[in-house]
Every structure is written in C-alpha cells, then in structure tokens.
Amino acid sequence: MELIITEKNNAARRIADILSGGTYDSSRTNGVNVYEWGGKRCVGLSGHVVGVDFPSEYSDWRDVEPVELIDADVEKTATKENIVATLRILSRKAERVTIATDYDREGELIGKEAYDIVRNVDDDVPIQRVRFSSITENEVTSAFDEPDELDFDLAAAGEARQIIDLIWGAALTRFLSLSSGQLGNDFISVGRVQSPTLKLIVDREREIEAFDPETYWELFADLEKDGEATFDAQYFYRDEDDNEAERVWEEAVASEVFETLSERDSATVVDVNRRTRTDTPPTPFNTTQFIRAASAIGYSAKRAMSIAEDLYTAGYITYPRTDNTVYPDDLDPEELLDDFVGHPTLGDSAESLLESDDDIVPTEGDEETTDHPPIHPTGEIPSRGGDVSDDEWEIFELVVRRFYATVAEAAIWEHLKVVTEVDDYRMKSNGKRLVEAGYHDVYPYFNTSENFVPDVDEGEELALADVDLEEKETQPPRRYGQSRLIETMESLGIGTKSTRHDILEKLYDRGYVESDPPRPTRLAMAVVTAAEDYADRVVSEDMTAQLEADMDAIANGDATLDDVTDESREMLEEIFANLADSRDEIGDQLRKSLKDDKRLGPCPECGEDLLVRRSRHGSYFVGCDGYPDCENTLPLPSTGKPLILESECEDHGLNEVKMLAGRQTFVHGCPLCKAEDAGEGPVLGECPECGSDEGGELAVKTLQSGSRLVGCTRYPDCEYSLPLPRRGEIEVTEERCEEHDLPELLVHSGDDPWELGCPICNYQEFQARESDSGSELESIEGVGAKTVEKLETAGIESLADLTEADPDTVAEDVDGVSADRVRSWQAKA
DNA sequence: GCAAGGTC
C-alpha cells in the first residue's frame with residue numbers, strides 16, 4: 001500500500017480524485033478523512049501537526065529566569081494528536097510513503113514533520129517527495145511520475161525560524177511581563193513580526209502627536225464659457241523648485257491675489273493641454289490585494305479572510321492564502337467565463353467579455369509563486385441567500401469581478417488641463433473624462449467620477465465669478481488602516497500571506513491597539529520604546545530580513561541550523577546582559593502606561609485620577625486611584641467593553657467612554673454627566689402592578705449606568721419595569737394606547753424618529769419575537785444561541801434532527817464542535 | 001499562560 005500525505009484535507013481529496021480518476025472511497029479514522037483506491041491511501045494534515053516548545057520544567061514563569069530560556073532545549077510535541085495517531089496507523093501498513101505537501105518552505109517543513117512521524121514507526125519504508133505548483137491533472141500526474149527526495153536543508157531552514165521565534169518571543173515576553181507584574185491573561189508580548197508591526201503604528205502615532213499644524217490659504221474660482229458651461233479653477237504659482245504649488249503660506253499674499261481676482265470678471269486661456277491615459281486593468285488577487293479590495297467595500301481584514309476561507313471550503317473560490325499574482329497556464333479564461341454565462345447578475349459581464357474580438361490575455365502581477373494560484377472563482381456558483389449569506393455573496397462577487405477585470409480591456413481617460421491668467425496670476429482646471437470604460441464595466445469598485453472642463457482655445461476669454469479664499473491647516477499624517485498595514489508588512493517582508501491579518505488581531509487582543517483604524521495604547525508605546533532602548537532588533541524588520549538570508553544559507557547548504565541558531569542565541573544573550581540592570585525601571589514605565597490607558601481625568605472629590613476598573617465579578621466601573629482614601633466611583637453600562645475616547649467632556653474634563661459590543665456598540669459619553677443626569681423623567685400613567693392598591697406610577701427613568709427604563713415610582717418596593725432603547729431622545733406624545741392607558745412614545749435617533757408606541761405593547765411584541773426565534777435546541781444544556789445558529793446552517797433545526805444525525809458528520813459540518821460533544825447532546829436530548 | 005507558522 002502506498003500512503004500519500006498532503007498539507008490539508010482539501011488537497012488530499014482533490015489529489016485522490018485526480019489519481020483515482022474519481023473512483024476513490026473515503027472513510028474516517030480518528031476524525032481524519034482517508035481517501036483510498038487501488039492500493040493507495042491519501043490523507044491530509046492540518047498544516048503543522050507538531051510544534052516546538054520548551055521542556056515542562058521551564059513552564060512556570062516565576063520559577064525560571066527568562067534568560068535561562070535562551071539555552072533551554074527546544075522539543076517537538078504533537079499538537080494535532082488525532083492526525084499524528086492516524087498517520088502512525090497508516091504508516092504501519094505502508095510499503096511506500098509519498099509526501100505531497102505545499103511547494104514552499106513551510107510545506108517542506110510540514111513534510112519533514114510527517115517524515116519523522118513515519119520514520120518513528122518504520123525506519124525502512126521508502127519515503128519520497130512530489131512537488132507541483134497547482135493541483136491540476138497535468139501537474140499532479142507528472143509530479144507523481146517523477147518523484148523526488150525531501151529537501152532536508154530547506155526544512156531545516158524552517159526549523160531554525162521556529163526555534164529563533166520561540167526563544168526570542170518567549171524570553172522577551174516573559175521578561176517584560178515579569179518586570180511589570182503582568183502575569184496571567186494580561187501578559188506583555190513581543191515577537192519578530194508583531195513588534196515591528198506595532199512599531200509602524202506607534203511611529204505614526206508619534207508623528208501625529210508631534211505634529212504642529214500650519215495655516216495656509218487656497219483660492220478657487222468659477223469659470224464660465226459662453227454663459228453656460230461652468231467649471232472650477234484653482235489658483236497656483238511656481239515655487240522655488242519651479243514646481244506647481246497651490247498652497248499660499250502668507251496671508252498678505254493670499255489677500256492680494258484674492259482682491260485682484262475678485263475685481264476682474266474675466267480670465268484669459270493661456271494654455272490648453274490634452275492627453276489620453278491608458279488605465280490598465282488590475283492584476284489577479286493575492287491575499288493582500290484581496291484584503292485591500294474587501295476593505296474598500298467595508299470588510300475588516302479578519303472578516304474578509306474568514307469569509308474567503310468559507311467560500312474556499314465550500315468550493316466556490318480557490319485557496320485564499322497566496323502570494324501569487326500570475327494565473328497558472330492551465331487556467332483557461334474562456335472556459336471559466338463560460339461558467340457564468342446565463343447567470344442573472346454575473347452573466348452579462350461574462351458574455352460581454354467573451355464577445356470581445358481580441359484574444360483574452362489576463363493581466364499579471366510581479367509575484368509568481370509555486371504553491372497556489374491567485375484567488376479566482378472555481379466556476380461553481382452559489383445561490384445568494386440560499387448557499388451563501390449576503391456578505392458571502394458580496395465577497396464572492398468581488399472575486400468573480402476581479403477575475404473579470406483581469407481579462408478585460410484597459411480603460412481610456414481623456415485629460416484636459418486648462419490654464420487661465422488674470423494679470424500675472426494663473427489658475428488651472430483639470431478635467432477628466434472616461435472615454436472607454438474598459439474593465440470598469442465589469443469591475444465597478446473603483447472610482448470613475450469625471451471632472452468636467454469644456455473645450456476651450458488658447459486666447460479665449462472666460463467669465464470669472466465666485467472667487468473664494470479658503471483658510472486651511474496642514475493635517476497630521478493619517479493612521480494606518482488595516483489593509484494599508486497589511487500591505488506595508490508585505491512590502492517590508494514581515495509575516496506571511498496566512499499570518500498578517502492574524503498578527504493584527506493579536507495586537508488588538510494584547511491591548512496594544514484599539515478602534516479601527518488601529519490606534520496604539522500607551523502600553524503599546526511603552527513596549528515599543530523599551531524594545532527600542534534594549535532590544536532594537538525585535539522591533540525592526542531587519543530581524544526578519546537577516547533571518548530570511550540565514551534561512552537561504554541553510555537551504556543552500558552554506559550554513560547549518562546550529563550555526564544560525566547559535567549566533568541568534570548569542571545576540572539575545574547580549575541583550576539580556578544589558579537588560580538585567582534596568583528591570584525595575586522598565587517595569588515602572590510599563591506599569592505607568594498601563595495606568596494611563598485606564599485614566600479618564602481628575603477625580604472631582606480628591607483630584608487623584610479616575611480610572612476604568614474591573615470589579616471582581618468582571619463588570620466595569622470608574623474608580624478613583626486614591627482608593628481606599630477616596631471611595632468615589634461611577635457606574636458604567638453593563639454591556640460591552642469600555643473604550644476611552646480622545647474627546648473630553650467640557651464640564652468635567654473627563655474623557656468620554658464608548659462601549660464596544662459588536663453591533664450594539666454605542667457611545668456612553670462622560671460617566672460623570674451620565675451619573676448627574678440619572679433620575680426620574682416624566683410620569684406616564686398608573687403602574688399596572690401596584691397602581692390601584694398603592695398608587696404607584698410609571699415614569700421614564702435613567703439609571704446611573706446610563707441605561708433607561710420605564711419603572712414604578714415606588715421602586716424598590718415595586719419592581720415593575722419595561723425596557724427602553726439605549727440611544728436617542730424619548731418623546732412622550734399626546735396619543736394614548738387604549739388597552740393600557742399609557743402614552744405612545746417616540747424615539748429620536750439618527751435622522752428619522754421611530755415609533756416605539758405604548759411601552760407595554762412594545763415589550764409584549766419584543767417577547768413574542770424572542771420566543772418565536774428561540775430554538776428548542778437551546779433547551780439542551782451547553783448549547784447556546786451561537787451553536788444553534790451553526791447547527792441550523794448545518795441543517796439541524798430540531799431535537800429530532802439532532803438525535804437522528806450522525807455525530808461524525810455533524811462534527812465535520814459544524815465548526816468547533818467535536819463528535820463527542822454531539823453524542824453528549826444526543827444523550828441529553 | 002510565551003512566537004510564528006501552518007490549517008478548520
């Protein structure tokens with residue numbers, strides 16, 4: 001029996017399909033798919049199935065000096081035990097093993113990991129390696145016809161990276177965490193990729209903070225040809241380098257130009273310049289460009305990748321993690337376009353592309369790699385609202401249309417620049433017109449707005465009107481957006497196609513950045529500063545560049561793994577020698593910045609700082625740093641995680657607070673204002689619970705936390721209450737509900753006020769909706785709303801569906817759910 | 001409980 005090992009399940013299935021001509025059988029061992037046909041078995045790993053770590057005696061952070069990690073052993077342990085076990089079982093029966101992992105460095109290392117597992121159970125079985133640059137019949141069959149050997153040097157290059165990343169990351173992370181007393185969940189992390197990325201964000205923030213705005217002026221006017229065609233013109237001059245400049249830096253000069261232009265009612269055309277510009281279609285999607293395009297239509301990097309992975313697994317698009325921007329030879333664009341002909345929304349574009357007289361030649365990017373093709377549709381089309389959600393469809397359409405764009409014609413723009421003169425002052429008007437839409441017809445994501453400037457001739461007189469002098473300020477540089485950061489990481493060579501977006505998420509998780517675009521916390525700035533002072537290497541992209549060079553040397557046989565890791569260990573030793581004396585100083589700085597991140601402003605009772613704190617139960621509140629001398633506290637809403645905004649309350653000098661709670665995120669404002677506003681609003685009517693007996697009345701109330709409700713004036717003796725929305729001003733109208741004799745309420749938020757109606761009716765409708773949407777699956781202990789949603793998408797909608805389902809299939813279909821868990825639910829159901 | 005890299 002021959003055993004074929006691939007990097008992932010999907011690749012295993014497709015290779016089995018190709019090599020067996022579609023006749024393979026599939027079965028499961030330990031929850032791992034095994035594909036079998038004519039004396040062959042094929043199994044997919046899940047990327048790395050083993051990982052590097054220190055021996056367990058190093059695991060207690062307090063017992064081990066971080067510096068000791070530098071010379072500690074590094075062990076490999078199984079991280080995907082079921083897959084490792086399956087591999088061992090299958091190897092015992094194998095007469096030959098073929099490693100068919102991805103054709104790149106990490107793939108070679110993953111292949112070597114499989115090799116070691118196989119060798120552990122059988123030291124004789126022949127092990128060969130096949131390499132192919134895309135999973136197509138031609139490539140795969142010819143690779144299997146001429147198998148090769150595993151490249152141990154290339155794998156060793158990858159291992160060196162693993163070891164260096166672990167040692168530097170763990171030793172420095174532990175040092176900073178221990179020095180500041182941040183153990184447990186809030187440890188302070190450092191790493192070869194995350195820290196240079198964080199430094200990019202921090203450096204930009206430093207520029208923004210140091211920015212000193214300057215005032216300048218710009219002048220605009222309207223020009224008019226023949227009393228009808230009006231267009232814009234802007235004043236410009238030549239600066240000392242003879243470049244065109246629009247910004248005037250002296251007010252006196254700006255006023256002089258303004259007065260002259262305002263006095264005149266015409267300008268003379270002195271120059272007309274026409275040119276056509278070819279606007280070439282974009283290149284095929286690699287991961288970074290895909291994330292950029294998705295972010296332009298409102299998807300975060302994380303969300304875009306997560307949707308792309310789902311579309312890939314479902315078979316609608318190709319593998320979304322790729323650096324490649326050149327379609328492989330075996331991709332036939334006409335054939336792929338054919339798959340979309342006749343589709344109600346995507347068909348027209350495909351048909352128009354196929355009708356073109358010219359041969360279809362796709363665009364190419366600069367990067368051509370061997371592991372995966374650029375992201376493109378497979379030809380399978382999901383149904384919107386059926387197979388995929390609206391968001392998934394939107395991303396799918398983006399991928400399809402990008403493919404269209406790469407095989408479409410260029411667009412042609414006509415640019416018209418008109419220069420006019422008034423005395424010695426000049427103005428310019430830049431017009432542009434899209435004369436041939438080209439790829440924009442099939443790829444409507446780019447801005448194609450035109451700017452009108454009429455045809456004029458040199459010497460022509462144009463009417464001049466509405467001269468406008470605008471005072472402006474230079475702006476600080478803008479923060480990096482997520483997709484800009486990922487692009488910059490790519491250009492600096494840090495991270496990989498698969499990890500860059502994860503690294504950004506890590507920065508959020510670690511409390512280093514907040515909001516979108518990411519804004520660094522004071523902690524982030526302190527960590528970067530400390531690293532710059534003592535371990536400059538770990539915040540510089542040079543560390544990766546050097547590592548890449550070293551890895552190439554190992555792969556080429558010019559160095560060994562030990563050469564490279566020993567040298568790296570020595571460098572880290574030196575860093576620790578310098579760090580030793582500064583431990584307390586660094587710790588103080590980090591602790592101080594951690595406090596700065598929680599500070600709202602001065603406590604009105606004692607003048608110390610008010611800080612956002614967390615109670616023992618996990619809820620957030622505002623407390624005074626002077627505690628226990630000062631016991632002043634303010635409440636915060638119970639939903640979400642507080643984010644301290646840059647804006648300050650004018651009355652109290654406290655920063656405003658936003659509550660982050662996904663879709664329910666809202667701005668709470670100044671906690672002190674909220675506390676002062678708390679109390680009872682207008683009375684609505686008799687309390688249905690105690691009104692007739694005790695005379696209680698219903699009133700609109702604002703709690704200290706900022707949340708609102710309709711409650712009984714006899715609270716806490718009567719606890720009757722009805723919910724109200726958190727946002728918007730509440731208006732009590734004249735109309736009354738006949739059934740409950742309460743006024744109808746109107747909520748003013750956004751542009752249009754909406755009718756909440758009678759608060760009792762509103763609450764009853766709300767409850768009815770809730771019980772409607774509630775699923776009986778939720779009655780099972782351990783099954784929450786999220787799991788129900790996942791189960792429902794897998795076709796399990798009732799208790800009966802669940803009990804009849806095959807646990808293994810359910811585990812396969814539902815993310816993060818094991819077959820054992822399904823069995824336990826079945827028992828409970 | 002540390003990193004970064006695979007993949008789900």
Side-chain angles (χ1 to χ4, degrees), chain A residues 6-12 31-33 44-54 56 58-64 66 68-70 72 74 79-80 82-83 101-102 104-114 155 157-178 182-198 305-306 308-314 319-322 371-372 489 494-503 505-507 509-510 538 543-544 547-548 551 568 572 790 811-818:
Chain A
T6 69
E7 190 156 322
K8 44 192 163 276
N9 174 50
N10 249 299
V32 183
N33 290 320
L45 306 175
S46 181
H48 290 286
V49 292
V50 297
V52 289
D53 208 348
F54 300 111
S56 58
Y58 291 90
S59 44
D60 191 329
W61 292 28
R62 272 162 297 216
D63 277 359
V64 181
E68 291 176 46
L69 295 176
I70 301 175
V74 174
T79 50
K80 301 272 161 62
N82 59 329
I83 299 179
T101 46
D102 287 358
D104 57 19
R105 186 174 56 219
E106 217 59 29
E108 208 68 20
L109 176 53
I110 290 166
K112 161 72 161 37
E113 289 162 2
E159 281 188 278
R161 179 201 59 71
Q162 288 186 318
I163 293 168
I164 290 169
D165 281 343
L166 174 67
I167 294 178
W168 280 70
L172 289 169
T173 294
R174 287 197 195 180
F175 180 87
L176 292 185
S177 303
L178 284 164
Q182 291 292 110
L183 300 176
N185 281 332
D186 300 321
F187 63 87
I188 293 177
S189 70
V190 172
R192 173 179 59 83
V193 177
Q194 59 165 284
S195 298
T197 307
L198 189 57
M305 283 310 287
S306 145
E309 278 153 19
D310 289 344
L311 291 172
Y312 159 69
T313 320
Y319 193 63
R321 294 185 273 264
T322 178
D371 48 352
H372 299 285
M489 291 170 76
I494 54 179
T496 72
K497 66 214 175 193
S498 316
T499 60
R500 291 186 192 109
H501 61 278
D502 291 333
I503 296 279
E505 280 305 305
K506 183 175 280 188
L507 297 182
D509 290 346
R510 296 280 188 268
V538 83
M543 181 165 173
T544 297
L547 184 61
E548 288 286 341
M551 284 195 285
S568 185
L572 190 55
K790 288 190 199 168
E812 204 183 332
D813 292 346
V814 182
D815 251 359
V817 168
S818 68

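A donor-acceptor contact under 3.5 Å links the side chain of Asp53(A) to the base of dC2(B).
As rounded to whole Å, 14 Å separates atom C1' of dT7(B) from atom CG of Asp371(A). Nucleotide dA4(B) holds its P atom 11 Å from the CG atom of Leu172(A), rounded to whole Å. What separates NE2 of His48(A) from P of dA3(B) is a distance of 16 Å, to the nearest Å. Rounded to a whole Å, the NZ atom of Lys497(A) is 12 Å from the C1' atom of dT7(B). Ile83(A) places its CD1 atom 9 Å from the C1' atom of dT7(B), with the value rounded to the nearest Å. Separating the CG atom of Asp509(A) from the P atom of dA4(B) is a distance of 13 Å, rounded to the nearest angstrom. Taking atom NZ of residue Lys8(A) and atom P of nucleotide dT7(B), one finds them 4 Å apart after rounding to whole Å. As a whole-Å value, the separation of Glu108(A) CD from dG5(B) P is 18 Å.
For Arg161(A) and dG6(B), the shortest distance from a side-chain N or O to OP1 or OP2 is not below 4.0 Å. Regarding contacts with the backbone of dC8(B), every side-chain N or O of Thr313(A) stays at 4.0 angstrom or more from both OP1 and OP2. The side chain of Arg192(A) contributes an N or O atom lying less than 4.0 Å from OP1 or OP2 of dG5(B). The phosphate of dA4(B) (OP1 or OP2) has a side-chain N or O of Lys506(A) nearer than 4.0 angstrom. For Gln162(A) and dA3(B), the shortest distance from a side-chain N or O to OP1 or OP2 is not below 4.0 Å. In this structure, Ser59(A) does not reach the dG1(B) phosphate: none of its side-chain N or O atoms is under 4.0 Å from OP1 or OP2. Dashed line: the shortest gap from a side-chain N or O of Tyr319(A) to OP1 or OP2 of dT7(B) is under 4.0 Å. In terms of phosphate contacts, Thr496(A) brings a side-chain nitrogen or oxygen within less than 4.0 Å of OP1 or OP2 of dG6(B). Note on Ser498(A): a side-chain N or O is less than 4.0 Å away from OP1 or OP2 of dT7(B).
Nucleic acid contact class of Val49(A) (heavy atoms, under 4.0 Å, all strands): none. Among the heavy atoms of the strands, none lies under 4.0 Å from Leu109(A). No contact: Gly107(A) has no heavy atom under 4.0 Å from any strand.
The environment of Asn185(A) atom CG is sparse: at most 12 non-hydrogen atoms of other residues, nucleotides or ligands sit within 6.0 angstrom.
You'll find that the side chain of Glu309(A) is closest to dC8(B), out of dG6(B), dC8(B), dA3(B). Residue Asp60(A) has its side chain nearest to dG1(B) when only dG1(B), dG5(B), dT7(B) are considered. Of the listed nucleotides (dA4(B), dC8(B), dA3(B)), dA3(B) has the atom at the smallest distance from the side chain of Arg510(A). Among the nucleotides dT7(B), dA3(B), dG1(B), the one closest to any side-chain atom of Trp61(A) is dG1(B). Comparing dC8(B), dA4(B), dT7(B) against the side chain of Arg321(A) picks out dT7(B) as the nearest.
Side-chain contact annotation: Thr101(A) with Glu108(A), donor-acceptor N/O pair under 3.5 Å absent.
At a threshold of 4.5 Å between non-hydrogen side-chain atoms, the residues Val190(A) and Leu176(A) count as touching. The shortest distance between side-chain heavy atoms of Val50(A) and Lys80(A) does not fall below 4.5 Å. Taking 4.5 Å as the limit, every side-chain heavy atom of Arg192(A) sits out of range of all side-chain heavy atoms of Ile494(A).
Nearest-nucleotide positions on DNA chain B for Leu69(A) and Ile110(A) put Leu69(A) closer to the 5' end. In terms of position on DNA chain B, the residue among Asp502(A) and Val52(A) whose nearest nucleotide sits closer to the 5' end is Val52(A).
The pair Asp371(A)-Arg321(A) does not count as a salt bridge, with every side-chain nitrogen at least 4.0 angstrom from each carboxylate oxygen. In this structure, Asp502(A) does not pair ionically with Lys506(A), as no charged nitrogen and carboxylate oxygen lie closer than 4.0 Å.
Here Phe187(A) does not count as stacked on dG1(B), because the ring centres are not under 5.5 angstrom apart with planes under 30°.
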